[in-house]
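A, B, ... follow the sequence lines: proteins, then strands. Residue 1 opens every chain.
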Amino acid sequence: MFLEFKKEVEQVLKKALKRASYEYTELELEESEHADISSNVAFSLARTYKKSPAVVAEEIVRYLEIPSDSDDTLISKAVAAGPYINFYVSDFFLHETVRKIKEGIEHVGEKKGKIIIEHTSANPDGPLHIGHLRNAIIGDVLVRVLKRAGFDVETHYYVNDMGRQIGVVVCGAERIAFAANKKADHAVADVYIAANRLVDANSEFLKDVEALMRKYESGDEAAVRKYEAVVKKCLSGIQTSLQRLNIRHDLFVWESEFVRGGAVEAVMEELKQKGDIKFDGSGSALLLKLDGIEKELVIQRTDGTSLYTTRDLAYHRWKSDRCDRVIDVFGKDHELVSQQLSKALEILRVKVPEFVIFEFVSLPTGSLSTRAGRYIAADELMEKIEQRAYEEVDKKRKDLDEGKKLEIARKVGIGALRYDMVKVSPDKHITFVFEDALDIEKKGAPFIQYSHARACSILRAAEEKGYVIADDYDASLLREESEMELIKKLSKLGYVIGSSELKPHLVAKYARELAESFNLFYKDCPVLNAEEELRNARMVLVDCAKIVLSDVLDVLGIEAPEEM
RNA sequence: GGGCCCGUGGCUUAGCUUGGAUAAAGCACCGGCCUUCUAAGCCGGGGAUCGCGGGUUCGAAUCCCGCCGGGUCCGCCA
């Protein structure tokens, strides 16, 4: 509803500026602590018209026409506060917000186009670690935000099955057995680490790896079977972890499909014709000159085989034919690659993707490396954080049965982990400290979940007393400061989703603020002990808060417990 | 060496795109609130020359230039 309010303010303000015959370039509307929405336009006008900003603001306000007696205006008043023009919401705005949330028609984005978003895409050579976790969680929240905003979203996991690393594992698996008692992706990692030691120790092994890779690229059946066995084994483990995190992909796209299907070759041919191509001086590798990028891009090895970037070009061409927007969630180390990709796609006249680049996660001991065995596995983290959450629940709710406690611990633990990862802007570097991550007490997610549980608790208690949420309630009884603030906050979910499309941390921030607003209301306004009319209105408000809290948690991919 | 990102109370951050009203939160610290719907909560308090130096502007955490510190990338890895 806040979005509608903003639009109405825009219209009214535009008209007033026209009547006052001011030429403006921007309305400069901003959220403000002093008003529901505020305009700074008087500053820039003052400059061009050589008047004082306060005078201009006064003047504009005189020209504003706010239909004060009308029933359906969202604006109650506008006042000049020095140079600022402050707008305030009307009772109708508050009523409408409550009504629409209650009826489930608030915050529903209109149908937009189709988006393909790629995230996680960890190499199938071991389990997900905390770096992949950041990718996966940012990506998943993005998916949820875009879906809410009305897009048709398809989620991809791009499987890098053609790299040397995978060759090393597959070849290694011929000599080293997978541990039978381990989760699949962890067993693969063990072989990977052991095989890398073979690489370092013995050059014969590396030759075998390269031979196997060539066979795989040419589609040799035995090689394909070996690869599939290992890659699928690893992916099954990774999917189990993702599922536990509440993340799923619609499609797993294998890199090799583009090689064997001929798409990579087609891209290469086209680049040779349309691109600025030359052979490297020393070898015969193919170099592609890209606009604005100093270094040329190697698009073909000396031996004629393809490289990661070339295969990625084929993948992106395929994606872009199937949708309106392509979004990739990449680590910072892929930034240059993503620029090269964009430039090369321009040459191919393919839609350029949008990138969400996130900074690295490192450990206090240094950067992460699967190969060196220096990582914290996502599974281990999830296990420990759920355990810690369980200790909390156990301490606080001795009355609950075991199953219930475990369920709450799972929701709270995973929620805390997800919130922690998404609350920070993607371009902030993170040093991961295990102990801090496990400190459930000071996490954002449990705070929000707790507010939701409180709302549920009130509604449960109401039901026991035989109170039902009434269809006719008098929203005008909700005049307390904390009630009105809560409603205004509730009205902003759609607005936040619309404006934080590629900035998932803003949703996390909003969720926290909403929970805070609910807690203030909770403290100030008794629901069940209020006299009937007021109780009815407040019960409706509690129900609305519950709905929006669970909605925003859902956008964050965090489950909303009914009690905790 | 060059490109990109980050630098905001003791710690972790929001705000920076589009410059404006006392710089906003959480954690930690100090003090208070459970005979009313869950205290994983609420209230109050101390604590910031917004990395440093210039510049633009009526006005800079925000824009521009330089520097310092940290991260990351830089042709046949992915």
Does [X] put a side-chain nitrogen or oxygen below 4.0 Å from OP1 or OP2 of [N]?
X        : N     : value
A:Asn519 : B:C42 : yes
A:Tyr158 : B:A78 : no
A:Arg47  : B:U57 : no

Salt bridge or not between [X] and [Y]? Use side-chain N to carboxylate O under 4.0 Å.
X        : Y        : result
A:Lys489 : A:Glu516 : no
A:Glu31  : A:Lys492 : yes
A:Arg311 : A:Glu255 : yes
A:Arg134 : A:Glu359 : no
A:Arg301 : A:Asp303 : no

Exercise. Which residue, A:Glu28 or A:Val298, contacts RNA chain B at a nucleotide closer to its 5' end, judged by nearest heavy atom?
Worked result: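 The 5'-side residue here is A:Glu28.
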Problem set entry | Residue mapping more 5' on RNA chain B - nearest nucleotide basis, A:His334 or A:Pro526 |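 Result: A:Pro526.
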For this session: Assess whether one donor atom and one acceptor atom, taken from the side chain of A:Thr309 and the base of B:A78, lie less than 3.5 Å apart.
Result: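 A donor-acceptor contact between them is absent.
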For this session: Examine the base of B:C37 for any acceptor or donor lying under 3.5 Å from a partner atom in the side chain of A:Ser457, and report the outcome as yes or no.
Result: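 Answer no: no donor N or O sits under 3.5 Å from an acceptor.
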Exercise. If anything within 90° of 0 is syn and all else is anti, what is B:G69?
Worked result: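 Anti, angle beyond 90° from zero.
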Exercise. Can B:C34 be described as syn, meaning its chi torsion is within 90° of 0, or is it anti?
Worked result: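 Syn, angle within 90° of zero.
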Exercise. What orientation do A:Tyr315 and A:Phe258 show, parallel under 30°, tilted 30 to 60°, or perpendicular over 60°?
Worked result: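 Geometry flag for A:Phe258 against A:Tyr315: tilted rings.
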Problem set entry | Donor-acceptor contact below 3.5 Å, side chain A:Gln449 vs main chain A:Glu559 |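 At least one qualifying donor-acceptor pair exists.
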Exercise. Any donor-acceptor pair under 3.5 Å linking the side chain of A:Lys465 with the backbone of A:Ala461?
Worked result: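 Looks like no, no N/O pair under 3.5 Å.
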Exercise. B:A60 P sits how many Å from A:Phe43 CZ, rounded?
Worked result: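 Computing the A:Phe43:CZ to B:A60:P distance gives 12 Å.
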For this session: Answer yes or no: is there a side-chain heavy-atom contact under 4.5 Å between A:His119 and A:Tyr158?
Result: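 A side-chain contact is absent here, since even the closest heavy-atom pair is not under 4.5 Å.
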What protein N or O atoms touch nucleotides 24-32 of chain B N or O atoms at under 3.5 angstrom, if any, and at what distances?
{"residue": "B:C27", "atom": "O2'", "partner": "A:Lys442", "partner atom": "NZ", "Å": "3.0"}

Exercise. What dot-bracket string describes RNA chain B from 5' to 3', counting Watson-Crick and G-U wobble pairs whose defining distances are under 3.5 Å, with [ ] for crossing pairs and | for pairs to another strand?
Worked result: (((((((..((((......[...)))).(((((.......))))).....(((((..]....))))))))))))....
Distances under 3.5 Å only, N/O to N/O: pair up the protein atoms with those of nucleotides 6-16 of chain B.
{"residue": "B:C6", "atom": "O3'", "partner": "A:Lys428", "partner atom": "NZ", "Å": "3.4"}
{"residue": "B:G7", "atom": "OP1", "partner": "A:Lys428", "partner atom": "NZ", "Å": "2.8"}
{"residue": "B:A14", "atom": "OP1", "partner": "A:Ser425", "partner atom": "N", "Å": "3.0"}
{"residue": "B:A14", "atom": "OP2", "partner": "A:Lys428", "partner atom": "NZ", "Å": "2.5"}
{"residue": "B:G15", "atom": "OP1", "partner": "A:His505", "partner atom": "NE2", "Å": "3.2"}

Exercise. Of the non-hydrogen atoms in A:Tyr216 and A:Arg260, which two are nearest, and what is the gap between them?
Worked result: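 Closest pair (atom of A:Tyr216, atom of A:Arg260, distance): O-NH1, 2.9 Å.
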